[in-house]
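What follows is a single structure, written as structure tokens, with notes after it.
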Amino acid sequence: MIKKVILTLSLIYLLILLQTSFLPHFSFWGITPNYILILVVFITLFEKSGKLGIWAAFAGGLLNDIFYSSVFFGFYSAIFFLIWFFIHLFLRRYVQVPNIKKI
């Protein structure tokens, strides 16, 4: 688990550096996507336990708060946490993964 967290934090740091320095020059119709948000959503959807998703949401939100000026410090952290929470809640309540047994 520690290796996954360290790898995810490294990936988030690399994405935030790319997002703030290089990738704004490649916008689509004047819109620059938030790659950290996309990463948090993918981790939340595809990670079984959900613990890695909350770490990714916290770290990504914290780095977005540091690198972008927002209304107040913690804005992106709160947004990413709420997105993680609602996706996690939806998956636990409404999505049932079938249990496939090996023959």
Side-chain angles (χ1 to χ4, degrees):
M1 178 68 182
I2 298 296
K3 290 180 183 179
K4 285 184 181 180
V5 171
I6 292 173
L7 182 67
T8 303
L9 292 177
S10 301
L11 183 63
I12 287 172
Y13 186 70
L14 178 71
L15 277 177
I16 198 77
L17 287 177
L18 285 173
Q19 183 174 331
T20 56
S21 62
F22 181 68
L23 294 175
H25 301 291
F26 301 105
S27 61
F28 304 105
W29 297 289
I31 300 171
T32 305
N34 192 338
Y35 297 105
I36 305 298
L37 177 63
I38 295 168
L39 181 70
V40 168
V41 168
F42 279 143
I43 288 174
T44 305
L45 286 174
F46 295 117
E47 180 67 24
K48 290 181 182 180
S49 66
K51 293 179 183 177
L52 187 63
I54 196 165
W55 279 103
F58 175 72
L62 186 67
L63 286 174
N64 264 340
D65 286 331
I66 291 171
F67 283 102
Y68 289 114
S69 60
S70 60
V71 179
F72 59 91
F73 189 77
F75 177 75
Y76 285 110
S77 298
I79 295 295
F80 288 178
F81 175 75
L82 287 174
I83 289 171
W84 171 83
F85 179 73
F86 286 124
I87 291 173
H88 190 71
L89 182 72
F90 180 79
L91 289 177
R92 289 190 66 176
R93 262 196 200 175
Y94 299 113
V95 177
Q96 182 178 7
V97 179
N99 191 7
I100 300 173
K101 295 181 182 179
K102 292 184 178 181
I103 297 175

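Throughout, numbering of the chain's residues begins at 1 and tracks the sequence.
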Could you walk me through whether I83 and L37 pass the side chain to side chain contact (heavy atoms under 4.5 Å, CB included) check?
CA-CA 9 Å; I83 289 171; L37 177 63; 3.3 Å; yes
Could you walk me through whether Y35 and I12 satisfy the side chain to side chain contact (heavy atoms under 4.5 Å, CB included) test, starting with their C-alpha distance in whole Å, then the side-chain angles of each, then the deciding distance to 0.1 Å, before giving a yes or no?
CA-CA 9 Å; Y35 297 105; I12 287 172; over 6 Å; no
Just do the side chain to side chain contact (heavy atoms under 4.5 Å, CB included) check on I38 and L15 with the steps written out, would you?
CA-CA 11 Å; I38 295 168; L15 277 177; over 6 Å; no
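Atoms CD1 and CZ, from I87 and F42 in turn, are 10.0 Å apart once rounded to the nearest 0.5 Å. Once rounded to the nearest 0.5 Å, the distance linking CZ of F80 with CG of L63 reads 10.0 Å. With rounding to the nearest 0.5 Å, the separation of CH2 in W55 from CD1 in I6 is 11.0 Å. Between I36 atom CD1 and I16 atom CD1 the span is 4.5 Å, to the nearest 0.5 Å.
Inter-residue side-chain proximity for I79 and N64 is flagged as unmet; no heavy-atom pair is nearer than 4.5 Å.
The aromatic rings of Y94 and F90 lie tilted to each other, with the angle between the two planes from 30° to 60°. Using cut-offs of 30° and 60° on the angle between ring planes, the pair F81 and F85 is parallel.
Considering L11, L17, L9 in turn, L17 is the only one that fulfils the side-chain contact (heavy atoms from CB on, under 4.5 Å) rule with Y13.
No side-chain donor-acceptor contact under 3.5 Å links T44 to the backbone of G53. A donor-acceptor distance shorter than 3.5 angstrom exists from the side chain of D65 to the backbone of G74, with no hydrogens or angles considered.
In plain terms, the two heavy atoms of S77 and G61 that are nearest each other are OG-C, 3.2 Å.
I43 and L7 are assigned to two separate hydrophobic clusters, defined by single-linkage of ILVMFWY side chains at heavy-atom distances under 4.5 Å.
Residue F67 qualifies as enclosed at atom CZ: its count of foreign heavy atoms under 6.0 Å is above 12.
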